[in-house]
Amino acid sequence: MDTLDQQLPAALRRVVTTQDMRVGAGVLAALPPALQRILPAPCYVIVADENTWAAAGPQVTQLLAAAGLATAAPQILHGTPRIRPQAETARGLAGTLRAGAAVPIAVGAGVINDLVKYAASLAGLSYACVPTAASMDGYAASGAALRDDGFKRTFDCPAPAVVVADTDVIATAPDGMAAWGYGDLAGKLVAGADWVVADALGEDKVNDGPFALVQDNLSKWLKQPEAIRRGDRAALEGLVRGLLTSGLAMQVHGNSRPASGSDHQFAHLWEMEGLAVDGEPVSHGACVGVGCLSMLAAYEWLLRQDFGAIAPAALAARAPSQAALQAEVAAAFAVPFMADNAERETLAKAGDAAATGRRLQALQQCWPALSARLRQMLPKAREVQQWLQAVGGPAGAADIGVSAQKHAADYRRARLIRRRYTALDLLHDLGWLDDAVRSLFDAGGFWRTEHEA
C-alpha cells in the first residue's frame, strides 16, 4: 500500500467491493497474490480487445502461470473500428462466464472494464481490473455506462474487487488517451459545483467524505497537463490516482454524483448521438472536457447576474407544466428511444410550482455565501481551456465535431436527459437559460470568440 496516495487507503477502508488497489510502476506483479487473497478461484479468464491484449494480456498470463493460477482461453472482444459499449455484448459475455465458471480479469480501458463489470454482475461473479490507459474514471466505480437499445444508461453493478494499475503498462497507451482521462477528471470541477448548488437548494445533500475525496485534491491532479502530454511518469501517475480516487468516491457514495454533473450530461447526449470525427467515435473523456468548458462558461455568466431582484413566487408560477415539458422533450429529440428516456428523466425531477418556489427562495437567501463558494471552487473557463490544449485534448466544441448552432441547442437538450439537479436546472428555474446561452454565443461571448478563433 506504500505506492498509494494517503487518500486511496482511506477510501478503500470505506468501500465494500474494492479490497485491493495498486498504482505505480511495476505493480502488475502484485496481481497474482491479490487474486489468491481476495478472489481465490480454480480458474481465471482474461477479457480484452485486440489492442489491450497486446498491451498487457501476455504479461498477465505469464504472471498467473508463474504463480500456479489456472487460466481459461482469453476472451478477445472485437469491434469496428473498436469495441463499443453495448449492453448486449456484456449479456453475451455473461453467458460465456457462467458456462466457464471462471473469474474474469478485465484487461483494458473504459469500454472493456464496463462490459466486464456488467457481465460479471449478471453472472454472479466478482472480477479484477488491469487498466491499460488513463482514459476515464470508471475503473473503480460502481455501475457500468453502456448503451442499451441506443440510450446510454448506467447499470447498477459492483466495482472490481481488485484494481492493479501499472503505470508502465498505462504509459504505452496510444497518444491522446491520457488527454481523454484528463478531460474526464476536469469535469469534476463542474460536478462538485453542481452538487454544492443542489445541496444549497435542498435537492441533493452533499456527502462530505466522497465530496472531499475528489474536490480536496483536484487542483493537484490537474496541475501538470504539459507533463502528462510529454509522458512524464510522475504526472501520469497523479492523473491515474485522481481517476481511481474519483471511482472510489462514487463507490462510497453509492452513485456517480461525486464525479458527474452537467458536464456529463453534455457528454452522454453526444455519445448517445454517436458523435464522431473522421468516422471515429469521440471518446467519453473528450466529450466531458468540452462539457466542462460549456458549464464553466455558464457558471461565469450566472455569477455575473443580479440576484437581488428575483421574485421566487412569480418565477414559480411560470414554471412549465408537465404537458409543456413533454412538448419540449418531443421537440428536442427526434429519435423515439431518446425522447422516451428524456421524458422520464425530465418529469422525475420537475416537481411542481411549489417546489420551484422553495428552491428559488432558498437561492435568494443563500446566494451571497453560495456564490462566494462557487467563485472559490471554479477556475475560469478560458484557463481550463488552456489546460485541455496543453494536455493535447479537444478544447472546444468544433474539435469534437459539434457546430455552434448544435452546441447552443444542446445546452437546453442536455438538461433534459438526466434527473440530477445541476446548474442547467437552476438557470431554467430562474428563466435565464436561454439568455445565458444567447450571451455565450453572441459577439464577445465565450463560444463566439472561440468559434471566430
Side-chain angles (χ1 to χ4, degrees), residues 79-92 110-111 114-115 118 136 138 143-156 187 256 260-292 294-295 298 320-350 394 397-422 424-425 427-428 433-434 437 441 447:
T80 304
R82 60 175 184 252
I83 191 71
R84 301 295 179 88
Q86 301 286 358
E88 191 55 38
T89 302
R91 294 181 185 119
V111 175
D114 276 353
L115 290 171
Y118 186 41
M136 54 93 224
L146 301 170
R147 292 183 69 164
D148 192 25
D149 290 331
F151 196 81
K152 188 168 186 182
R153 53 184 289 244
T154 299
F155 290 88
D156 186 19
S256 63
S260 173
S262 48
D263 56 301
H264 272 66
Q265 288 173 244
F266 281 92
H268 289 319
L269 174 64
W270 292 330
E271 291 170 85
M272 283 188 290
E273 293 178 328
L275 193 66
V277 175
D278 297 329
E280 185 73 11
V282 179
S283 74
H284 172 73
C287 291
V288 173
V290 177
C292 172
S294 301
M295 289 311 301
S321 65
Q322 178 173 312
L325 289 171
Q326 290 172 316
E328 182 182 3
V329 168
F333 299 99
V335 180
F337 80 83
M338 292 184 71
D340 291 344
N341 282 276
E343 180 178 308
R344 199 158 40 242
E345 294 295 306
T346 299
L347 295 181
K349 67 179 175 182
D399 295 339
I400 58 171
V402 175
S403 68
Q405 182 179 7
K406 173 174 169 52
H407 193 188
D410 286 347
Y411 273 85
R412 303 169 184 89
R413 298 172 72 232
R415 178 181 64 83
L416 304 172
I417 68 166
R418 289 290 182 271
R419 64 188 64 193
R420 183 164 292 167
Y421 194 92
T422 72
L424 289 172
D425 299 292
L427 286 164
H428 181 260
L433 182 55
D434 287 344
V437 172
F441 288 85
W447 290 118

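Hydrogens, waters and symmetry mates play no part in the numbers below; they use all other heavy atoms, side chains included.
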Review point. For Asp434, which residues count as a side-chain contact (heavy atoms from CB on, under 4.5 Å) partner, sequence neighbours excluded?
Key: Arg412, Arg438
Exercise for review: Determine, stepwise, if the pair Lys406 / Asp410 fulfils salt bridge (charged side-chain N to carboxylate O under 4.0 Å, His left out).
Suggested key: CA-CA 6 Å; Lys406 173 174 169 52; Asp410 286 347; 3.0 Å; yes
Check your understanding: Does some side-chain heavy atom of Ile417 sit less than 4.5 Å from a side-chain heavy atom of Met272?
Key -> yes
Practice item. Specify the closest pair of heavy atoms between Leu115 and Arg84, including all atoms of both residues, with the distance to one decimal. Key: CD1-O, 4.0 Å
Review point. If we only count heavy atoms from C-beta on, is the Pro320 to His428 side-chain gap below 4.5 Å?
Key: yes
Practice item. Give the minimum heavy-atom separation between Ala332 and Arg413, together with the two atoms involved. Key: O-NE, 2.9 Å
Check your understanding: At their closest point, which heavy atom of Leu275 faces which heavy atom of Cys287, and how far apart are they?
Key -> CD2-SG, 4.3 Å
Study note, to complete from the structure: Distance col, row Thr346:OG1 vs Gln322:CD, nearest 0.5 angstrom, shows 11.0 Å
**Study point:** Arg419 vs Glu345, salt bridge (charged side-chain N to carboxylate O under 4.0 Å, His left out): CA-CA, chis, key distance, verdict
**Key:** CA-CA 5 Å; Arg419 64 188 64 193; Glu345 294 295 306; 3.0 Å; yes
Review point. In this structure, are over 12 heavy atoms from other groups packed under 6.0 Å from Asp340 atom CG?
Key: yes
Review point. Between the side chain of Tyr411 and the main-chain N/O of Ser294, is any donor-acceptor distance below 3.5 Å?
Key: yes
Check your understanding: Under the salt bridge (Lys or Arg N to Asp or Glu O under 4.0 Å) test, which residues partner Lys349, sequence neighbours left out?
Key -> Asp425
Review point. For Asp114, what residues pass the side-chain contact (heavy atoms from CB on, under 4.5 Å) criterion, not counting sequence neighbours?
Key: Lys117, Ala144, Ala145, Leu146
Check your understanding: Side chains of Phe441 and His407: does their closest heavy-atom pair fall under 4.5 Å?
Key -> yes
Check your understanding: Without hydrogens or angle criteria, can the side chains of Arg420 and Ser256 be said to hold a donor-acceptor pair below 3.5 Å?
Key -> yes
Review point. If you look at every heavy atom in Asn341 and Phe337, which pair is closest and at what distance?
Key: ND2-O, 2.8 Å
Check your understanding: Under 3.5 Å, side chain of Glu343 to main-chain N/O of Gln326, donor-acceptor pair present?
Key -> no
Exercise for review: Would you name the heavy atoms of Ala267 and Val288 that are closest together and state the gap between them?
Suggested key: CB-CG2, 3.6 Å
Exercise for review: Can you see which heavy atom on Phe333 is nearest to which on Ala342, and at what distance?
Suggested key: CE1-CB, 3.6 Å
Review point. So do the side chains of Val290 and Phe266 get within less than 4.5 Å of each other, counting heavy atoms only?
Key: no
Review point. Cut-off 3.5 Å, side chains only: do His268 and His284 have a donor facing an acceptor?
Key: no
Check your understanding: Does any non-hydrogen side-chain atom of Trp270 lie less than 4.5 Å from one of Val282?
Key -> no
Practice item. Please answer whether the main-chain N or O of Gly261 pairs with a side-chain N or O of Asp263 as donor and acceptor at a distance below 3.5 Å. Key: yes
Practice item. Not counting sequence neighbours, which residues clear salt bridge (Lys or Arg N to Asp or Glu O under 4.0 Å) with Arg147? List them please. Key: none
Review point. Would you say the side-chain atoms of Ser262 pair up with the backbone N or O of Gln265, donor to acceptor, closer than 3.5 Å?
Key: no
Check your understanding: Among all residues two or more places apart in sequence or in another chain, which pass the salt bridge (Lys or Arg N to Asp or Glu O under 4.0 Å) test with Arg415?
Key -> Glu328
Check your understanding: What pairs with Arg153 under salt bridge (Lys or Arg N to Asp or Glu O under 4.0 Å), at least two apart in sequence or on another chain?
Key -> Asp148
Review point. Is the CD atom of Gln405 crowded by more than 12 outside heavy atoms at less than 6.0 Å?
Key: no
